[in-house]
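Source: prediction; values computed, not measured. Residue numbers start at 1 and run along the sequence shown.
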Amino acid sequence: MANSQAMCTSFKSEILTGTHNFGTAPIRAATTADTFKAALYLASASLGAGTTAYSASGEVSGTNYSAGGVTVTNATPPTTSGTTAYWTPSASITYTNVTLTTAFDAVLIYNSSQSNKAVSVHTFGSQTVTAGTFSLTMPTNAAGTALLNIA
């Protein structure tokens with residue numbers, strides 16, 4: 001089965017329980033904002049709306065790639081426009097000097113502060129990297145174009 005782009009269904013219900021804090025300052029009783037991470041997955045993995053948490057199963061492996069991926073730069077708080085709430089990381093997601101020779105085509109954004117709960121799966125064309133930098137350029141942080149849109 002292939003990876004499919006989706007906002008994870010479990011994330012939708014966890015929003016209503018206040019599980020995730022995308023804010024730049026603490027909102028819940030925690031003393032720090034949550035940490036979000038981005039892990040890359042093989043084209044043969046099966047991530048999608050039913051993904052509930054980060055798992056190493058189907059994750060890429062290779063030189064200079066750490067299991068669990070990289071920390072997402074989160075200096076932009078969620079905001080709204082009209083009836084849409086949205087959020088985009090404040091910087092590209094970058095994997096530096098990696099060699100990933102098995103085809104991968106998806107990234108899982110997950111909350112490492114909250115038991116590695118899944119947020120969303122984003123797909124792209126199949127990739128491999130040999131001793132290079134792989135960057136996912138973030139879209140414009142606006143309603144309709146942001147990485148996460150809740151309308």
Side-chain angles (χ1 to χ4, degrees), residues 1-62 65-95 98 100 102-128 134-151:
M1 191 162 157
N3 296 309
S4 60
Q5 185 159 301
M7 185 176 299
C8 298
T9 304
S10 58
F11 171 70
K12 294 174 187 178
S13 70
E14 291 160 0
I15 290 171
L16 299 175
T17 61
T19 299
H20 302 276
N21 176 10
F22 283 90
T24 54
I27 296 172
R28 301 180 309 255
T31 57
T32 59
D34 290 347
T35 298
F36 294 87
K37 296 192 87 177
L40 296 172
Y41 282 83
L42 300 172
S44 59
S46 296
L47 277 67
T51 302
T52 59
Y54 162 78
S55 169
S57 179
E59 185 176 10
V60 301
S61 63
Y65 180 87
S66 298
V70 296
T71 300
V72 173
T73 304
N74 186 19
T76 305
T79 193
T80 61
S81 177
T83 59
T84 301
Y86 59 91
W87 172 84
T88 297
S90 53
S92 295
I93 298 171
T94 304
Y95 306 84
V98 294
L100 306 169
T102 305
F104 60 95
D105 70 352
V107 63
L108 171 68
I109 307 295
Y110 68 96
N111 188 337
S112 66
S113 298
Q114 299 296 323
S115 305
N116 295 331
K117 293 182 182 297
V119 173
S120 56
V121 176
H122 303 274
T123 57
F124 42 83
S126 185
Q127 304 286 316
T128 60
F134 179 73
S135 289
L136 293 167
T137 303
M138 293 298 102
T140 302
N141 191 38
T145 59
L147 191 67
L148 294 179
N149 283 277
I150 302 171

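- Residues Y54 and L108 come closest through the heavy atom pair CA-CD2, 3.7 Å.
- With hydrogens and angles ignored, the 3.5 Å screen pairs no side-chain donor or acceptor of D105 with any backbone N or O of T123.
- Of the listed residues (V121, I109, L47), just one forms a side chain to side chain contact (heavy atoms under 4.5 Å, CB included) with C8, and that residue is V121.
- The backbone N or O of T73 lies less than 3.5 Å from a partner atom in the side chain of S90, making a donor-acceptor pair.
- Between A118 and S10, the closest heavy-atom pair is O-OG, 4.3 Å.
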Start with the C-alpha gap between L100 and Y95, add the side-chain angles, then the distance that decides, and say whether side chain to side chain contact (heavy atoms under 4.5 Å, CB included) holds. CA-CA 10 Å; L100 306 169; Y95 306 84; 5.6 Å; no
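- Across all non-hydrogen atoms, the minimal contact from K12 to M7 is CE-O, 3.9 Å.
- In summary, the aromatic rings of Y65 and F104 are positioned with their centroids too far apart to meet the 6.0 Å limit.
- N141 places a side-chain N or O within 3.5 Å of a backbone atom of T88 that can act as its donor or acceptor partner.
- Note that the CG atom of N111 and the OG1 atom of T19 stand 8.5 Å from one another [nearest 0.5 Å].
- Here the shortest heavy-atom pairing between G48 and A6 reads C-CB, 4.1 Å.
- Considering OG of S46 and OH of Y41, their distance stands at 12.0 Å, rounded to 0.5 Å.
- Of all heavy-atom pairs spanning L148 and S120, the tightest one is CD2-OG, 3.6 Å.
- The aromatic rings of W87 and F22 are tilted relative to each other, their planes meeting at an angle between 30° and 60°.
- Of all non-hydrogen atoms in V107 and A38, the two that sit nearest each other are CG2-CB, 3.7 Å.
- Interatomic distance, CG of L147 versus CE of M138, reported as 5.5 Å (0.5 Å rounding).
- For the atom pair OG of S126 and CG of L42, the computed distance is 9.5 Å after rounding to the nearest 0.5 Å.
- Counting only distance, with no hydrogens or angles, the side chain of T145 and the backbone of T140 share a donor-acceptor pair below 3.5 Å.
- With Y110 contributing its side chain and G68 its backbone, the two residues share a donor-acceptor pair below 3.5 Å.
- Going from atom OG1 of T102 over to atom CD of Q127 covers 13.5 Å, rounded to the nearest 0.5 Å.
- T71 contributes atom OG1, which lies 10.5 Å from atom CD1 of I93 (distance to the nearest 0.5 angstrom).
- At distances below 3.5 Å, at least one donor-acceptor pair connects side-chain atoms of N149 with backbone N or O atoms of G144.
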